[in-house]
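In what follows, residues are counted from 1 in the order of the sequence shown.
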Amino acid sequence: VGVTSEGETAKCKMLICDPSYMKDRVKVVGKVVRALCFLDHPIPNTNNVASVQIIIPQAQVGRKSDIYICTISHANQVTAQGFYIAICSTTVETASPEAELAPALNLLGAIRHKFVTVSELYQPTDDGKSSQIFISSSY
């Protein structure tokens with residue numbers, strides 16, 4: 001088994017990798033929408049904590065998948081004092097991915113900047129035993 005990058009090949013007995021390295025050995029199984037939000041305040045009603053994870057249960061918002069919020073800040077050494085990063089994500093279920101994040105975005109309060117991406121989710125097409133190429137699923 002070998003991996004070639006920028007003209008150089010590395011040989012190995014087994015390869016374990018992310019789906020992005022083996023697009024010809026994976027299939028698309030869905031999409032995920034993520035919003036990266038910059039805030040100048042902690043999430044309201046969270047006791048002003050500097051870091052928090054919130055899971056909105058799918059049944060609570062009439063979905064098949066939960067919605068996730070992760071907020072980090074200066075306490076995690078990732079922002080300047082007084083700033084927060086909130087990452088909201090869920091599995092895409094409709095033709096309006098950003099709208100699916102509304103229950104999460106509504107919890108954040110005022111958002112200074114927001115960046116939304118939709119990414120495909122991949123799954124390997126085989127178990128890798130015969131090729132010795134083991135590919136993880138994407139999340």
Using 0.5 Å steps for rounding, measure from the [atom1] atom of [X] to the [atom2] atom of [Y].
X: Ile135; Y: Gln123; atom1: CD1; atom2: CD; result: 11.0 Å
X: Ser119; Y: Lys31; atom1: OG; atom2: NZ; result: 9.5 Å
X: Tyr84; Y: Asp40; atom1: OH; atom2: CG; result: 9.5 Å
X: Cys37; Y: Leu101; atom1: SG; atom2: CG; result: 8.0 Å
X: Ser51; Y: Ile85; atom1: OG; atom2: CD1; result: 11.0 Å
X: Gln58; Y: Thr90; atom1: CD; atom2: OG1; result: 9.5 Å

Kindly give the heavy-atom pair with the smallest separation between [X] and [Y], and that separation in Å.
X: Ala86; Y: Thr71; value: CB-OG1, 3.7 Å
X: Val28; Y: Tyr122; value: CG2-CE2, 3.6 Å
X: Asn48; Y: Pro42; value: OD1-CG, 3.3 Å
X: Ser137; Y: Pro19; value: C-CG, 4.1 Å
X: Glu93; Y: Ser65; value: OE2-N, 2.8 Å
X: Ser73; Y: Ala50; value: OG-O, 2.7 Å

Carboxylate-amine/guanidinium contact Lys114 Glu98, below 4.0 Å: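 Salt bridge: yes.
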Is the side chain of Asp127 donor-acceptor paired with the backbone N or O of Lys129 at a distance under 3.5 Å, no angle test?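 Yes: the side chain of Asp127 pairs with the backbone of Lys129.
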Please confirm whether the backbone N or O of Arg25 pairs with a side-chain atom of Thr125, one donor and one acceptor, at under 3.5 Å?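 Confirmed, Thr125 side chain pairs with Arg25 backbone.
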If you apply the rule side chain to side chain contact (heavy atoms under 4.5 Å, CB included), what do you find for Thr94 with Glu100, and how did you get there? CA-CA 8 Å; Thr94 70; Glu100 296 183 52; 2.8 Å; yes
Please report the C-alpha distance between Leu107 and Ile56 in whole Å, then the side-chain angles of each, then the deciding distance to 0.1 Å, and finally whether the side chain to side chain contact (heavy atoms under 4.5 Å, CB included) criterion is met. CA-CA 10 Å; Leu107 293 177; Ile56 302 171; 3.9 Å; yes
For Pro97, the option from Thr91, Val32, Val118 that meets side chain to side chain contact (heavy atoms under 4.5 Å, CB included):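 When side chain to side chain contact (heavy atoms under 4.5 Å, CB included) is applied between Pro97 and each of Thr91, Val32, Val118, only Val118 qualifies.
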Name the residue from Val52, Ile43, Ile87 that meets the side chain to side chain contact (heavy atoms under 4.5 Å, CB included) definition with Ile69.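 So, applying the side chain to side chain contact (heavy atoms under 4.5 Å, CB included) to Ile69 and each of Val52, Ile43, Ile87, only Ile43 qualifies.
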Let me check something: do [X] and [Y] share a hydrophobic cluster, defined by ILVMFWY side-chain heavy atoms less than 4.5 Å apart, either directly or through other members?
X: Tyr68; Y: Val92; value: no
X: Leu108; Y: Leu36; value: no
X: Ile16; Y: Val1; value: no
X: Ile54; Y: Ile67; value: yes

Are Ser136 and Cys17 close enough that some pair of their side-chain heavy atoms sits under 4.5 Å apart?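 Heavy-atom side-chain distance check fails, nothing below 4.5 Å.
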Stepwise side chain to side chain contact (heavy atoms under 4.5 Å, CB included) check, Ile111 with Leu39: CA-CA 5 Å; Ile111 299 170; Leu39 314 174; 3.9 Å; yes
